[in-house]
Amino acid sequence: MIPKHIILAFIFGISISFISWIVGMIINSVLMKTAYYKKLSNLNFIKRKSLNKNIGIKYFKWIVKNTFFKFFNQKIKLENRNTDLTVIRNEMTFSEISHLIGFIFVTIFAIYKSIGVGILFGLIMMIPNVLMNLYPSLLQQENKRRIDKMMKRKTRTLN
């Protein structure tokens, strides 16, 4: 039997992760107006495809594409070859940074709860946070790298 404490921590982690999406979008909207945002838009935590594969980004991508999550951000879609890749990349960047901000937001709460309630509570809270904030951000980074390659090819073709 799973102790009530663990279930409560997991549910709290899911709830605060959903809230963190809104917090991330609000803070990101403010950040977009700064010179610092340009640096943020080129984040790349994982450079090797093999590491992305080892941490399961491929499976996470499948989940996003084949479940209700595919309806969350409809602006990030390649409709056809004439789609403006710059617009899609900007949407990916917004999503990526919003999720990173959300991840940090929940991590701060998890640290606070670890001190106040117990380390296990904070660690269990981080499970939904990783799945709902960190992995989406890493997936956006991978997608941005693919978009960047497509944009380079398109530029070479035009020249």
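Note that this is a predicted model, so its numbers are computed, not measured.
Atom CG of Leu40 is separated from atom OG1 of Thr34 by 7.0 Å, given to the nearest 0.5 angstrom. The distance from the NZ atom of Lys53 to the OG atom of Ser50 is 9.0 Å, given to the nearest 0.5 Å. To the nearest 0.5 Å, atoms OG (Ser98) and CG (Leu31) are separated by 9.0 Å. Atom CD1 of Ile104 and atom OG of Ser20 lie 11.0 Å apart (nearest 0.5 Å). Atom CZ of Arg153 sits about 11.0 Å away from atom CG of Asp148, to the nearest 0.5 Å. To the nearest 0.5 Å, atoms CE (Met32) and CG (Asn90) are separated by 7.0 Å.
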Q: Quick one: do Phe10 and Ile6 satisfy side-chain contact (heavy atoms from CB on, under 4.5 Å)? Show the steps, please.
A: CA-CA 6 Å; Phe10 192 76; Ile6 292 173; 5.6 Å; no

Q: Would you check, one step at a time, whether the test side-chain contact (heavy atoms from CB on, under 4.5 Å) holds for Phe12 with Ile124?
A: CA-CA 9 Å; Phe12 187 72; Ile124 299 293; over 6 Å; no

(Q) One pair to check against side-chain contact (heavy atoms from CB on, under 4.5 Å): Asn133 and Ser137. What are the steps and the verdict? (A) CA-CA 6 Å; Asn133 281 316; Ser137 185; over 6 Å; no

Q: Before giving the answer on side-chain contact (heavy atoms from CB on, under 4.5 Å), spell out for Phe94 and Met25 the whole-Å C-alpha distance, their side-chain angles and the decisive distance to 0.1 Å.
A: CA-CA 8 Å; Phe94 184 81; Met25 286 188 283; 3.9 Å; yes

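Using a 4.5 Å cut-off between side-chain heavy atoms of Ile, Leu, Val, Met, Phe, Trp and Tyr, Ile115 falls into a hydrophobic cluster with Ile111.
Among Gln141, Arg146, Arg145, the one residue that satisfies the side chain to side chain donor-acceptor pair (under 3.5 Å) test with Asn143 is Arg146.
Nearest heavy atom pair, residue Lys144 against residue Ser41, reads NZ-O, 2.7 Å. Shortest non-hydrogen contact noted between Thr86 and Met151 is OG1-CE, 3.6 Å. Considering every non-hydrogen atom in both Leu123 and Ser114, the closest pair reads N-OG, 4.4 Å. Closest of all the heavy-atom pairs between Ile63 and Thr67 is O-OG1, 2.5 Å.
Ile26 and Ile19 fall into different hydrophobic clusters, defined by Ile, Leu, Val, Met, Phe, Trp and Tyr side-chain heavy atoms under 4.5 Å apart, directly or through other members. Linking Ile, Leu, Val, Met, Phe, Trp and Tyr whenever their side-chain heavy atoms come within less than 4.5 Å puts Phe68 and Trp62 in one cluster. Criterion: ILVMFWY side-chain heavy atoms under 4.5 Å apart, direct or through other members. Under it, Ile27 and Phe109 are part of a common hydrophobic cluster. Residue Ile101 is not grouped with residue Ile108 when hydrophobic side chains (ILVMFWY) are merged at heavy-atom distances under 4.5 angstrom, including chains of intermediate members. Cluster membership for Ile119 and Ile16, using ILVMFWY side-chain heavy atoms within less than 4.5 angstrom, is not shared.
Two residues are said to be in side-chain contact when any heavy atoms from C-beta on lie closer than 4.5 Å; Glu142 and Lys61 meet this criterion. Gln140 places none of its side-chain heavy atoms less than 4.5 Å from the side chain of Thr93. Taking 4.5 Å as the limit, every side-chain heavy atom of Asn52 sits out of range of all side-chain heavy atoms of Lys58. With contacts defined as side-chain heavy-atom distances shorter than 4.5 Å, the pair Phe103/Val130 qualifies. The side-chain heavy atoms of Tyr37 and Asn28, taken from C-beta on, include a pair separated by under 4.5 Å. Annotation: side chain of Ile55 is in contact with side chain of Ile46 (closest heavy-atom distance under 4.5 Å).
Side-chain rings of Trp21 and Phe72 approach one another, their centers coming within less than 6.0 Å.
In this structure, the side chain of Ser17 engages the main chain of Gly13 through a donor-acceptor pair within 3.5 Å. Between the Tyr112 side chain and the Thr107 main chain, no donor and acceptor come within less than 3.5 Å of each other.
The aromatic rings of His5 and Phe121 sit tilted relative to each other, their planes meeting at an angle between 30° and 60°.
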